[in-house]
2 protein chains.
Amino acid sequence: MINKKIAKPSSTGECIKMLLPVRDSLDILNGKWKLPIIIALSYGSKRFKELQREISGITAKALSKELKDLEVNQLVKRAVFDTKPVTVEYTLTDYGQTLDKVIIELRNWGVKHRKRIIGK
Amino acid sequence: MINKKIAKPSSTGECIKMLLPVRDSLDILNGKWKLPIIIALSYGSKRFKELQREISGITAKALSKELKDLEVNQLVKRAVFDTKPVTVEYTLTDYGQTLDKVIIELRNWGVKHRKRIIGK
DNA sequence: CGGTATCCCTGAGGATACTG
DNA sequence: CAGTATCCTCAGGGATACCG
């Protein structure tokens, strides 16, 4: 049971109440790059190339697209500075920071999972 | 900052420690269906058709494939009963249940996100 | 019931080159 | 630096039909 206080066995109504919000979250966070980007930015604002260096394996094209998605959903803010050459800085919004608990739990599970795999 | 106790601004080393475990988790939970399946099973063991009915939009092919992935990673157990016609029951393993905190946080965030969207 | 087989198609993703 | 443009490929997902 996910939560013994709410869940009743085979209770479809309760199940739906869990499924819908989780799907809302997954729709925003889908793909392999969005959470890694958010994590990188949670350690401070970064520029495009910095992000690309830090997030191993991501291409410029993918990074560009994912940043746009995150900006549309107001998780990330883009700031352009009129230097030469131009400087662009990406910052996690306050709203983006509300994902902290989700990320912590995903990290905790990932750490345990890795131990389990190595242990075998 | 994700966690003020660990994170230092622009600390790439610390950032990596967050990125790697999260990517381990995302590798296991990738796609739009795995967490919904796990949630549905967290409300009790279910048969193939029950799952398909409960998880709105999933096709038999996708469900079949996702269940195999989850079984390989030992999050779900498959039990065949020699009735006629054959009955197959899918159950969340103890290990699968350790995802409860991840799911709770994703649900909490999804609920807040929906309120935010509707509020606009 | 519990799936597989087949076909088709979109879109994510890599490689490379190029621009303001 | 901060991307875009182009080309390509290939896995994933839907639709439909079928099988033990």
Side-chain angles (χ1 to χ4, degrees), chain A residues 10 12 19 22-38 40-41 43-73 75-92, chain B residues 10 12 19 22-23 25-38 40-41 44-73 75-92:
Chain A
S10 298
T12 299
L19 281 172
V22 169
R23 292 191 62 171
D24 287 343
S25 297
L26 293 180
D27 284 345
I28 306 291
L29 305 174
N30 63 31
K32 73 199 260 211
W33 299 121
K34 291 198 184 68
L35 282 170
I37 292 170
I38 290 169
L41 291 178
Y43 286 87
S45 299
K46 300 225 165 65
R47 297 167 56 183
F48 191 87
K49 280 285 182 201
E50 284 184 274
L51 280 171
Q52 204 183 347
R53 269 189 298 270
E54 213 146 295
I55 299 167
S56 162
I58 197 168
T59 63
K61 186 170 110 184
L63 181 54
S64 174
K65 188 214 164 243
E66 300 293 282
L67 283 169
K68 275 176 195 159
D69 288 354
L70 292 172
E71 219 192 324
V72 165
N73 286 310
L75 300 174
V76 163
K77 251 191 65 183
R78 182 178 187 269
V80 184
F81 296 99
D82 215 359
T83 53
K84 49 171 168 90
V86 63
T87 307
V88 180
E89 200 176 75
Y90 292 93
T91 307
L92 203 59
Chain B
S10 297
T12 299
L19 281 172
V22 170
R23 291 191 63 170
S25 297
L26 293 179
D27 284 346
I28 306 291
L29 305 173
N30 62 34
K32 69 199 262 212
W33 300 120
K34 292 200 183 64
L35 281 170
I37 292 169
I38 290 168
L41 291 178
S45 299
K46 299 224 165 65
R47 300 172 49 188
F48 191 88
K49 281 284 182 199
E50 284 185 275
L51 281 170
Q52 203 183 346
R53 268 190 297 269
E54 213 146 297
I55 300 167
S56 162
I58 197 168
T59 62
K61 186 170 112 182
L63 181 54
S64 173
K65 187 213 164 246
E66 300 294 280
L67 283 169
K68 274 177 195 159
D69 288 354
L70 292 171
E71 219 192 324
V72 165
N73 287 311
L75 300 174
V76 163
K77 252 191 64 182
R78 183 177 187 269
V80 184
F81 297 98
D82 215 359
T83 53
K84 50 167 168 96
V86 63
T87 306
V88 181
E89 200 175 75
Y90 292 93
T91 307
L92 202 59

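Every chain is numbered from 1, with letters handed out A, B, ... down the list of sequences.
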- Query: Looking across every strand, which nucleic acid part, if any, lies under 4.0 Å from A/F81 by heavy atom: base, sugar-phosphate, or nothing?
  - Reply: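 Answer is nothing: A/F81 stays at 4.0 Å or more from every strand.
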
Results of side-chain contact (heavy atoms from CB on, under 4.5 Å) for [X] - residues two or more places apart only:
X: B/L51; value: B/A40, B/L41, B/K46, B/I55, B/L63, B/L67, B/Y90
X: B/K49; value: B/Q52, B/R53
X: A/E71; value: A/R78
X: B/N73; value: B/I28, B/L75

- Give, for atom CD1 of B/I38 and atom CG of A/L19, the distance between the pair rounded to the nearest 0.5 Å.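 Rounded to the nearest 0.5 Å, the CD1-CG separation comes out at 11.5 Å.
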
- Listed by chain and number, what are the salt bridge (charged side-chain N to carboxylate O under 4.0 Å, His left out) partners of B/D69, not counting sequence neighbours?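 B/D69 satisfies salt bridge (charged side-chain N to carboxylate O under 4.0 Å, His left out) with B/K34, B/K65 once adjacent residues are dropped.
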
- Message: Distance check needed: C/dG2 C1' versus B/I55 CD1, whole Å only.
- Response: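 Distance check: B/I55 CD1 to C/dG2 C1' gives 15 Å.
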
- Message: Without decimals, in angstroms, what is the distance between B/L67 CG and C/dG3 C1'?
- Response: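 Rounded to whole Å, this separation is 11 Å.
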
How would you list, by chain and number, every residue that makes a side chain to side chain donor-acceptor pair (under 3.5 Å) with [X], sequence neighbours excluded?
X: B/T91; result: B/S45
X: A/T87; result: A/T83
X: B/S64; result: none

- Task: Using atom types as modelled and distance alone, determine if a side-chain donor or acceptor of B/N30 lies under 3.5 Å from a backbone N or O of B/D27.
- Result: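 Yes; judged by distance alone, with no hydrogens or angles, the pair exists.
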
- Message: What I'd like to find out is whether the side chain of A/P36 reaches to under 4.5 Å of the side chain of B/L26, using heavy atoms alone.
- Response: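 When only atoms from C-beta onward are counted, B/L26 and A/P36 do touch, with a gap below 4.5 Å.
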
- Message: With a 4.0 Å limit, can you tell me whether B/S64 has a side-chain N or O closer than that to the phosphate oxygens OP1/OP2 of C/dT4?
- Response: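 For C/dT4, OP1 or OP2 has a side-chain N or O of B/S64 closer than 4.0 Å.
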
- Item | Presence of B/Y90 side-chain N/O under 4.0 Å of C/dG3 phosphate oxygens OP1/OP2 |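 Indeed, a polar side-chain atom of B/Y90 lies that close.
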
- Query: Hey, where on DNA chain D does chain A first and last touch, going 5' to 3'? Cut-off is any atom under 4.0 Å from a heavy atom.
  - Reply: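 Nucleotide range in contact with chain A: D/dC1 to D/dC7.
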
- Counting primed atoms, P, OP1 and OP2 as sugar-phosphate and everything else as base, the B/S/- map of nucleotides 9-19 of chain C against protein heavy atoms under 4.0 Å is ----BB-----

- Task: Mind grabbing the angle between the end helix axes of the helix from C/dC1-D/dG20 to C/dG20-D/dC1? Five pairs an end, 10° rounding.
- Result: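 End-to-end axis angle: 50°.
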
